[in-house]
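The shown structure was predicted, so the numbers you read here are calculated from the model rather than taken from an experiment.
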Amino acid sequence: MATVKEEALPLVLVHRPPNFHFPFKHRLQTHFRLLDSLDSDPPKSTHSFFSRHAASVRVLLCVDTIPITRDILSLLLFLQLIVGSSTGVDHIDLQECRRRSIAVTNAGKAFSPDVADLAVGLLIDVLRRVFASFQISGLGKHGAKIAKRLEPFGCAISYNSRRKKPSVPFPWFKNVYNLAVNNDVLIVCCMLTEESRHIISKDVMTALGKEGVIINVGREALIDEKELVQLLVRGELRGAGLDVFENEPDVPQELFSLKNVVLSPHCAVATPECFDALEDLITANLHAFFSSKPLQSVVELE
Ligand SMILES: O=CC(=O)O
């Protein structure tokens, strides 16, 4: 069988944190020519490497959540697509992408089943029994899977998201405060944006009440972490299960000593199943781009 020369393969520029070796690299290399500044010894600086390839690169693969800032983007004048490898895209300057019409894809639903498993696992760990009423902030791909797991427990589920979802049978609350007033457990799994930063404010947490439980598998900055810690310390919330923290890897010390808090180290998606699903999705998106077919898991750049 004839083999395609590496130079003939479509170019994909890679941006990854040092020492982060992505497991699907090998498979991608059979279809695409990966330009990775960290492959050289010693590694090249991002700035000089990106500038050198700027004229030929149309696609950037963003591994993990390494920031893609306006400065980085300004080096890549012909960029058309950023293929992300996480669900959250708060590390990418989306405003600049919108301005320059650069499409962005994320992990879509590749991680949703495992994130949902962890959210429910944390919740059961916090409660050791199941409440009657649950609320979910952000009923997207992760939230839908969480709800599917909680329904058989007989939980009354309601949700908040920017828009009501016609296909979702649960009551929709336009704002998180009213959602909190009407429920006992809040599972946070929405995207972090400027609009959603600290959406779970002190008022919202207080509205949840003393029996309230918060589970966060989204991004910690969705919650006012300082206030959350204070409410937990003062016993004004029943408990919390947290997979994400505002200043990772630092975790507020107070949380370690609280018996009603379960912590996990941002590991909801660290499973072989998530990596396999992500590898398939990234490969599919790259093939789609280079053959002018529709992309999957496109992030809405509003
Ligand atoms: O944190 C993980 C993700 O955003 O996929």
If we ignore angles and hydrogens, is there a donor and acceptor under 3.5 Å between the side chains of [X] and [Y]?
| X | Y | value |
| --- | --- | --- |
| N183 | S158 | yes |
| T193 | S196 | yes |
| D224 | S201 | no |

Going by the side chain to side chain contact (heavy atoms under 4.5 Å, CB included) test, name the single residue among [options] that passes it with [X].
| X | options | answer |
| --- | --- | --- |
| M205 | L186, L228, L232 | L228 |
| K141 | P113, S112, S297, C189 | S112 |
| R238 | L127, V185, I214 | L127 |

If Ile, Leu, Val, Met, Phe, Trp and Tyr residues are connected whenever their side-chain heavy atoms lie under 4.5 Å apart, and connections chain through other members, are [X] and [Y] in the same group?
| X | Y | answer |
| --- | --- | --- |
| L61 | F111 | yes |
| L76 | I102 | yes |
| F49 | I66 | no |
| V14 | L60 | no |
| V104 | L278 | no |

Counting only heavy atoms not in [X] (residues, nucleotides, ligands), do more than 12 fall under 6.0 Å from its [atom1]?
| X | atom1 | result |
| --- | --- | --- |
| Q95 | CD | no |
| Y177 | OH | no |
| K202 | NZ | no |

Q: For the pair R16 and D64, find out whether any cationic side-chain nitrogen is under 4.0 Å from an anionic carboxylate oxygen.
A: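 Here R16 does not pair with D64 in a salt bridge, since their nearest N and O are not under 4.0 Å apart.
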Q: Quickly, which of K44, K25, R33 forms a salt bridge (Lys or Arg N to Asp or Glu O under 4.0 Å) with D39? Name it, please.
A: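 Running salt bridge (Lys or Arg N to Asp or Glu O under 4.0 Å) over K44, K25, R33 with D39 returns exactly one hit, K25.
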Q) Given K145 and D114, is the salt bridge (charged side-chain N to carboxylate O under 4.0 Å, His left out) satisfied, shown in steps? A) CA-CA 9 Å; K145 289 267 187 288; D114 287 349; over 6 Å; no
Q. Residues two or more places apart in sequence or in another chain: which of them pass ring pair (Phe, Tyr, Trp, His ring centres under 6.0 Å) with F170?
A.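 With sequence neighbours excluded, F170 shows a ring pair (Phe, Tyr, Trp, His ring centres under 6.0 Å) to no residue whatsoever.
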**Q.** Flag, side chain of N260 to backbone of V126, donor-acceptor distance under 3.5 Å
**A.**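 It does not hold such a pair.
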Q: Ignoring hydrogens and angles, tell me if any N or O in the side chain of D117 forms a donor-acceptor pair with the backbone of V120 under 3.5 Å.
A: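 Pair absent, no side-chain N/O of D117 close to backbone of V120.
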(Q) Tell me whether the rings of H287 and F32 are parallel (<30°), tilted (30 to 60°) or perpendicular (>60°). (A)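 The rings of H287 and F32 sit tilted, inter-plane angle from 30° to 60°.
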